[in-house]
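Structure below; questions to follow.
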Amino acid sequence: MSELRDLYQEVILDHGRRPRNHRKMEDANFSAEGHNPLCGDQLTLYLKLEDGHVADLSFEGSGCAISTASASMLTGILIGKSEAESRELLKAFVEMATAATDEEPDDSKLGKLAVFAGVREFPMRVKCATLCWHTLESALNDSDEAASTE
Ligand code: ZN
């Protein structure tokens, strides 16, 4: 577990400092906003779906290192995936991040995202890590309502 914790810190620091796909997208066909009032994180997610696949995905906003790192990882991993695969990852990620700490969540589908299992030790941080995924859900559902962790 301590190896995973080291990896978690490394990934959060790296993606938090140099977020990938941190840009506005002019030709997105879906976008959604998300807020985590508990921490003050907010982000806008831009999604371009083409033929049922994520052709491009980016985000803008300001938040803590964990919310930024999570959004950065989300965009990097989902570009090129189908909408169905994206929804599957969304479900698996939220399940993993909210599972009890003494449970061994199924992270077989999650790949590198499994490092975020580390947030379960810090309950306040779970919402930071899942914010971008809830926002993705709003974008995929073409919802006009902003995603909120509250
Ligand atoms: Zn946060």
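When a ligand or atom number is given, it counts from 1 through the structure's own listing order. Positions are given from 1, in the same order as the sequence printed here. Any value given below was found using the heavy atoms of this structure, including those in side chains, with hydrogens, waters and symmetry copies removed.
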Can you pull the ring-ring contact (aromatic ring centres under 6.0 Å, His included) pairs that have at least one residue in residues 36-87, sequence neighbours excluded?
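Pairs touching residues 36-87 that pass the test: His22-Phe59.
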
Using a strict cut-off of less than 4.0 Å between a Lys/Arg side-chain nitrogen and an Asp/Glu carboxylate oxygen, indicate whether Asp41 and Arg125 qualify as a salt bridge.
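So Asp41 does not pair with Arg125 through a salt bridge.
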
Review item, side-chain donor-acceptor pairs of residues 128-135, under 3.5 Å, at least two apart:
from: Thr130; atom 1: OG1; to: Val126; atom 2: O; distance (Å): 3.0
from: Thr135; atom 1: OG1; to: Leu131; atom 2: O; distance (Å): 2.8

side-chain contact (heavy atoms from CB on, under 4.5 Å) against Ala100, all qualifying residues, sequence neighbours excluded
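Applying side-chain contact (heavy atoms from CB on, under 4.5 Å) to Ala100 gives Asp102, Glu103.
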
Just wondering, are more than 12 heavy atoms of other shown residues or ligands nearer than 6.0 Å to CG in Asp51?
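Atom CG in Asp51 is not packed in, count stays at 12 or less.
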
Enumerate the protein N/O/S atoms at a distance below 2.8 Å from the Zn ion (ligand 1), ignoring waters.
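Within the sphere that stays under 2.8 Å of the Zn ion (ligand 1), the protein atoms of type N, O or S are Cys39 SG, Asp41 OD1, Asp41 OD2, Cys64 SG, Cys128 SG.
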
Heavy-atom distance under 4.5 Å between the side chains of Glu85 and Arg87, does that happen here?
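No, side chains not in contact.
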
